[in-house]
Amino acid sequence: MKTYGNYPDFLSLRAAMETQMRAHLGAIKKRSEGTRRYRIEHSLRVAAIGRQVAEAAGLDAELLELGCLLHDIGKWDAQKPVDHGRAGALIAEPLLLKAGVDSAEAHELAQGIAMHTDGLWNARPDKQGTKKDSHGTSYITFTSEPTVLARTIGDCDNIDRYSAYRIFDTLQHFTFLELSSEKQKVWLLNYLGTLKELQRYHCSTEAAQKLWIANLAFQNEYFQRLLAEIVAGTARTAVPR
């Protein structure tokens with residue numbers, strides 16, 4: 001980073017931004033405590049991934065860590081979920097500027113946060129999204145292409161979304177244990193197909209790409225084994241004659 005703004009070092013700045021992130025996400029009372037805790041912990045994991053990727057790829061590790069830390073701060077501030085990155089940019093950029101972060105760096109991070117959900121940094125041109133957040137504020141208009149660092153915020157988010165933790169979260173979300181064995185098989189085949197399609201996604205750095213492919217491979221192995229066990233458990237046994 002160029003400067004640490006109003007703080008003597010990066011750790012102090014990061015701690016201040018983490019406090020802001022926790023306060024904002026934790027204050028959304030319409031979400032359960034578990035949901036709020038997950039979103040905060042997800043943000044911390046993505047921040048750690050950001051530093052790991054940046055150090056391996058030769059990017060500014062401090063700057064990427066900050067962007068990843070704040071990437072989901074607007075998770076519940078958009079009218080439609082697909083816009084939560086753009087809603088987050090509206091929150092994150094003023095926070096960074098108030099903290100004294102260099103304006104160009106703050107804008108770079110805001111663009112990365114804005115685009116991390118769907119790859120679009122400006123308001124969506126279709127009806128899937130809206131032009132303003134849930135508070136009526138228009139989304140930021142970015143006039144230049146994003147940097148590799150800005151693009152990498154989304155890569156780091158995706159890496160965590162297909163982590164070991166998310167295996168549990170995904171199964172719980174789809175109430176997997178409540179499905180019949182046949183429906184479990186269908187669900188697993190569809191999910192395995194999704195994992196195969198996701199291998200086509202290309203990260204902005206080789207370092208992120210390696211982590212992305214490793215997580216997809218881990219999930220693929222787990223769900224393949226889970227499917228095999230369910231098939232074996234429901235196979236008809238031969239009736240003795």
Side-chain angles (χ1 to χ4, degrees), residues 1-5 7 9-22 24-25 37-75 84-85 88-89 92-93 95-96 99 101-102 104-119 121 146-170 195 198-222:
M1 294 184 66
K2 293 179 181 178
T3 71
Y4 301 126
Y7 299 87
D9 51 42
F10 174 71
L11 290 180
S12 300
L13 171 60
R14 188 200 181 285
M17 294 300 97
E18 181 177 333
T19 296
Q20 294 285 353
M21 178 270 290
R22 286 178 176 273
H24 187 81
L25 293 176
R37 186 183 71 247
Y38 170 78
R39 191 56 46 189
I40 292 169
E41 292 175 352
H42 164 68
S43 298
L44 295 174
R45 290 195 300 271
V46 175
I49 293 169
R51 175 166 284 274
Q52 180 182 354
V53 168
E55 289 177 347
L59 300 175
D60 187 323
E62 295 174 340
L63 196 61
L64 184 55
E65 183 176 350
L66 274 189
C68 289
L69 181 70
L70 298 174
H71 84 283
D72 260 356
I73 196 168
K75 181 66 179 179
H84 78 261
E93 186 167 28
L95 283 179
L96 291 165
V101 172
D102 175 79
E105 292 182 333
H107 199 61
E108 180 181 13
L109 293 186
Q111 187 171 18
I113 291 168
M115 66 183 289
H116 88 267
T117 306
D118 57 6
W121 46 94
T147 63
V148 171
L149 187 145
R151 292 181 181 277
T152 301
I153 292 174
D155 294 340
C156 295
D157 176 46
N158 286 332
I159 289 167
D160 187 68
R161 288 176 58 230
Y162 287 88
S163 61
Y165 189 101
R166 282 296 285 263
I167 290 176
F168 166 79
D169 185 69
T170 297
L195 291 176
L198 287 170
Q199 292 180 19
R200 298 180 182 180
Y201 175 80
H202 291 286
C203 298
S204 297
T205 66
E206 183 179 349
Q209 188 71 17
K210 287 181 179 179
L211 293 176
W212 171 245
I213 293 302
N215 275 10
L216 291 183
F218 179 82
Q219 286 219 0
N220 184 70
E221 180 182 359
Y222 174 84

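- Looking only at distances, no side-chain donor or acceptor of Q219 sits under 3.5 Å from a matching main-chain atom of A164.
- At a threshold of 4.5 Å between non-hydrogen side-chain atoms, the residues L25 and S43 count as touching.
- How far CE of M1 is from CG of L64: 11.5 Å, rounded to the nearest 0.5 Å.
- Remark: Y7 engages no residue in a ring-ring contact (aromatic ring centres under 6.0 Å, His included) (not counting sequence neighbours).
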CA sep, side-chain torsions, deciding dist, call: L109, L66, side-chain contact (heavy atoms from CB on, under 4.5 Å): CA-CA 8 Å; L109 293 186; L66 274 189; 4.1 Å; yes
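- Across G50 and C156, no two heavy atoms sit closer than the pair CA-SG, 3.6 Å.
- Distance check: N215 CG to I49 CD1 gives 7.0 Å after rounding to the nearest 0.5 Å.
- Distance check, rounded to the nearest 0.5 Å: NE2 of H24 to NZ of K75 gives 12.5 Å.
- Residues passing the salt bridge (Lys or Arg N to Asp or Glu O under 4.0 Å) test with R51 are E55, E65, sequence neighbours excluded.
- Residues satisfying the salt bridge (Lys or Arg N to Asp or Glu O under 4.0 Å) criterion with D118, sequence neighbours excluded, are R86, R124.
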Can you give each donor-acceptor pair under 3.5 Å made by side-chain atoms of residues 207-214, sequence neighbours left out, with the distance rounded to 0.1 Å?
| unit_1 | atom_1 | unit_2 | atom_2 | d |
| --- | --- | --- | --- | --- |
| Q209 | OE1 | C203 | N | 2.6 |
| Q209 | NE2 | Y201 | O | 3.4 |
| W212 | NE1 | L198 | O | 3.3 |

Working for side-chain contact (heavy atoms from CB on, under 4.5 Å), residues M21 and L44: CA-CA 10 Å; M21 178 270 290; L44 295 174; 4.1 Å; yes
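- Remark: of the listed residues I73, L69, V101, L69 is the sole one forming a side chain to side chain contact (heavy atoms under 4.5 Å, CB included) with M17.
- Listed by first then second residue, pairs satisfying salt bridge (Lys or Arg N to Asp or Glu O under 4.0 Å) with a partner in residues 147-162 read R45-D160, E145-R151, not counting sequence neighbours.
- For the ring pair (Phe, Tyr, Trp, His ring centres under 6.0 Å) condition, the pairs that include at least one residue of residues 42-67, sequence neighbours left out, are Y38-H42, H42-H71.
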Audit row: L13, E62, side-chain contact (heavy atoms from CB on, under 4.5 Å) steps and yes/no: CA-CA 10 Å; L13 171 60; E62 295 174 340; over 6 Å; no
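- Across all their heavy atoms, L96 and A106 have their closest contact at CB-CB, 3.9 Å.
- If you run side chain to side chain contact (heavy atoms under 4.5 Å, CB included) between E108 and each of I113, I153, L149, only L149 comes through.
- For the pair H116 and G154, the tightest heavy-atom approach, listed with the atom from each and the gap, is CB-CA, 3.8 Å.
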